[in-house]
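So you know, we letter chains A, B, ... as the sequences are listed, proteins then strands, and number each from 1. The structure displayed is predicted, hence computed values, not measured ones.
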2 protein chains.
Amino acid sequence: MVTIKDVALRAGVSLITVSRVVNTPDKVAKETRGKVEAAMKELGYVRNVAAGNLVYKRSGIICVYASRNFSRLDPFLSHFLLGVSEALGERSYSLSLVHEVNESQFCDGYIFSGYNEAEEAFGQCLSLGKPVALFGQYDDAGVDCIDTDNVLSARKAVRYLVENGHRRIAVVLNTTGADYVKQRFEGYRMALQEGGIEYDSSLVVEVDNSTEGGREASEVLLGRGRFTACFLITDTMAVGFVLGLQAKGLSVPDDISVVGFDGLGHQNLTIPKITTVVQPVYEISKALAESMLGRVVDGRKDRVSKLVEAELSVAGSVRNMNTEKEDIS
Amino acid sequence: MVTIKDVALRAGVSLITVSRVVNTPDKVAKETRGKVEAAMKELGYVRNVAAGNLVYKRSGIICVYASRNFSRLDPFLSHFLLGVSEALGERSYSLSLVHEVNESQFCDGYIFSGYNEAEEAFGQCLSLGKPVALFGQYDDAGVDCIDTDNVLSARKAVRYLVENGHRRIAVVLNTTGADYVKQRFEGYRMALQEGGIEYDSSLVVEVDNSTEGGREASEVLLGRGRFTACFLITDTMAVGFVLGLQAKGLSVPDDISVVGFDGLGHQNLTIPKITTVVQPVYEISKALAESMLGRVVDGRKDRVSKLVEAELSVAGSVRNMNTEKEDIS
DNA sequence: TTACCATATGTTAACGTTAACATCGGTTTT
DNA sequence: AAAACCGATGTTAACGTTAACATATGGTAA
């Protein structure tokens with residue numbers, strides 16, 4: 001293992017000069033810096049992060065909490081971890097994926113991929129006094145929060161249906177009881193109101209958050225009456241919904257238009273692909289990790305609390321009721 | 001921050017005794033150990049892993065390589081990372097997710113989630129001289145390898161079709177050029193042979209590894225002639241294949257039976273769910289991480305090289321051609 | 001000229017842990 | 001009864017880095 005001592009010897013300077021070249025290069029004369037950098041390259045010097053962390057009194061580790069049952073299902077976790085690790089890597093931090101919060105975890109802070117699945121762990125974490133960052137919304141001065149603006153994004157999704165001439169728009173919720181369910185439902189209602197469409201509770205269904213649940217929803221809604229479009233608050237359900245319709249011989253989008261929510265990949269599994277709003281999970285988790293490092297490394301004190309709008313991704317699952325009239329004329 | 005010094009003071013012993021209680025408890029008298037443990041609990045002692053790593057001359061970090069384009073798509077990465085992190089956590093290691101191999105990465109070894117997507121990085125890694133572990137197969141004494149036994153597992157999948165009375169069995173390959181394609185194809189041919197079924201190259205199709213590719217394959221095969229079952233070497237394609245059949249008004253499994261491969265979640269997105277063979281990704285990646293730690297922490301020298309058979313997961317996509325005759329009789 | 005300042009570099013002591021060796025009773029061996 | 005040994009504990013010096021202070025050199029102001 002090559003140390004700054006070896007480099008210093010080779011370059012004919014002292015330890016600390018090498019350390020300065022690594023950490024505060026502009027405090028070293030250009031000529032000296034050149035010599036040191038050459039020596040580092042020749043010897044293949046790699047900074048010992050552990051030694052640095054010891055001095056800085058940091059662990060160099062951020063824990064990412066993922067609830068055990070949730071974590072295996074979804075492409076969500078991949079996106080989330082890629083974002084976190086991207087940010088951590090830039091500052092020589094590494095991560096530890098945990099399923100429970102433990103007093104004796106050696107880490108500088110916790111990042112949560114959600115609140116609802118993790119209430120208990122989240123509480124423990126707060127009482128530990130370490131910084132916490134959350135993909136979600138939570139009122140506590142010590143918690144950095146970034147979340148998708150579910151209300152606005154759902155409103156955007158449903159508005160897209162309205163703009164395409166749909167008036168009878170169903171909505172499928174799920175039974176997880178998570179905050180985003182209420183929020184996306186609220187967005188749905190706002191979009192209806194803006195479009196001058198009366199809310200009809202017979203067009204609201206609540207099912208399990210799964211493909212099977214989505215299929216079930218299609219049967220319930222088809223039994224209840226006339227609608228031309230449906231907004232499903234997760235793509236997982238939307239996939240099942242589309243399949244359910246197709247199994248009944250109905251066409252998407254010719255008979256029924258469909259819009260989903262999430263955009264993590266499932267929207268591309270059906271034919272046609274599903275129009276959805278895409279949560280920027282990677283970007284959010286990266287930003288969360290950055291704000292975590294801001295606290296831990298830079299000693300930032302102010303709280304991050306932000307909502308990000310999801311982007312509409314137009315695919316082939318929505319029929320434009322307006323153009324057709326134009327086509328005829 | 002509570003250190004062993006604080007604990008030692010509280011317990012009335014020396015530093016090293018506390019260290020021994022942490023690392024080699026049986027070398028400390030029972031009574032003393034009790035006192036120390038009590039002191040640790042009272043003070044909320046957490047071992048400083050960084051300090052330990054410094055002494056042990058380790059980084060405490062394992063890099064997990066994930067190719068950039070591949071990584072966002074799949075539930076694979078979630079499963080893989082969960083396995084790795086489970087093993088690492090048990091020995092106070094943390095992980096760093098990287099997209100390129102870098103001489104100046106501070107880590108003790110690299111774990112690769114695949115070879116074909118990462119040939120270049122893999123080569124760099126070998127020349128670095130650090131231990132490497134691979135989900136896949138590679139002939140090099142320095143590389144620990146665990147892989148799904150693709151031949152045997154594909155054979156098992158196709159044998160299941162044969163056992164269910166199918167004789168005209170198509171196969172859908174993909175154009176990735178990865179090793180597993182040839183292997184799974186070989187398993188297909190073995191199962192045919194064992195079943196006394198002649199190989200028919202008109203029942204072989206090669207398409208893009210996507211839902212769309214699977215749909216395409218269904219059209220090609222339907223155009224070519226009679227078959228009662230199809231083996232798709234990835235579930236992603238199998239999903240599209242099922243959808244393509246259903247779009248043509250065909251029933252799975254009544255008209256065509258389908259078996260996939262992977263078992264990472266996609267098999268549950270269609271109705272009916274797809275019968276598939278499940279790669280134990282979590283278990284394999286965990287074992288890879290364990291063998292990595294065996295090298296790095298315990299100094300193990302012998303090479304791990306193992307093939308693991310995937311488990312058949314029976315769902316509703318295969319029709320039993322035998323029972324029906326029995327039913328009639 | 002002397003005193004002062006800025007810039008560049010060096011010396012020393014920490015960070016928290018563990019390995020290697022040292023010590024000290026008490027027991028076994030001869 | 002002396003020698004050797006063993007189990008439990010302690011002392012010291014490392015691991016590689018950085019902060020804080022110290023020194024040296026050259027330039028500028030009085």
Original post:
With sugar-phosphate meaning primed atoms plus P, OP1 and OP2, does A:Y45 contact a base, only sugar-phosphate, or nothing at under 4.0 Å between heavy atoms?
Top reply: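 Sugar-phosphate only.
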**OP:** Give B:V13 one of three labels, base, sugar-phosphate or nothing, depending on what nucleic acid heavy atoms sit under 4.0 Å from its own.
**Re:**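 Touches sugar-phosphate only.
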Distance-only donor-acceptor check, side chains [X] and [Y], under 3.5 Å:
X      : Y      : value
A:N209 : A:T176 : no
B:S59  : B:D108 : yes
B:S104 : B:N102 : yes

Subject >> Smallest separation among heavy atoms of A:V101 and A:A121, with atom names >> reply: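 Looking at all heavy atoms of both residues, the shortest contact is CG2-O, 3.6 Å.
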OP1 or OP2 of [N] sitting under 4.0 Å from any side-chain N/O of [X]?
X     : N      : value
B:Y56 : C:dG16 : no
B:S19 : C:dT18 : yes
A:T3  : D:dG16 : no
B:R58 : D:dC15 : no
A:T17 : C:dT9  : no
A:K5  : D:dG16 : no

Original post:
Taking for each residue the nucleotide of DNA chain D with the nearest heavy atom, is it B:V55 or B:R20 whose nucleotide lies nearer the 5' end?
Top reply: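 Looking at the nearest nucleotide for each, B:R20 comes out on the 5' side.
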Original post:
What's the closest nucleotide to the B:I4 side chain, out of C:dC15, C:dT18, D:dT17?
Top reply: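 Looking only at heavy atoms from C-beta outward on B:I4, the closest nucleotide is C:dT18.
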**OP:** Name the closest nucleotide to the A:N48 side chain, picking from C:dT18, D:dT17, C:dG16.
**Re:**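 Among C:dT18, D:dT17, C:dG16, the one nearest the side chain of A:N48 is D:dT17.
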Provide, to the nearest angstrom, the distance between the [atom1] atom belonging to [X] and the [atom2] atom belonging to [N].
X     : N      : atom1 : atom2 : answer
B:D6  : C:dC15 : CG    : P     : 11 Å
B:L54 : D:dC15 : CG    : C1'   : 4 Å
B:I16 : D:dT9  : CD1   : P     : 13 Å

Original post:
Is the count of non-hydrogen atoms from other residues, nucleotides or ligands lying under 6.0 Å from A:E90 atom CD greater than 12?
Top reply: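 Yes, the 6.0 Å shell around CD holds more than 12 heavy atoms from other groups.
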**OP:** Please say whether more than 12 non-hydrogen atoms of neighbouring residues, nucleotides or ligands are located less than 6.0 Å from CD in B:E120.
**Re:**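 Open: at most 12 neighbouring heavy atoms sit under 6.0 Å from CD of B:E120.
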**OP:** Measure from the ring center of A:F112 to the ring center of A:Y138 and say whether it is less than 6.0 Å.
**Re:**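 Between A:Y138 and A:F112, which both carry aromatic rings, the centre distance is not below 6.0 Å.
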Original post:
What parts of residues 21-38 of chain B reach DNA chain C, counting only heavy atoms under 4.0 Å away?
Top reply: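 Those residues are B:N23.
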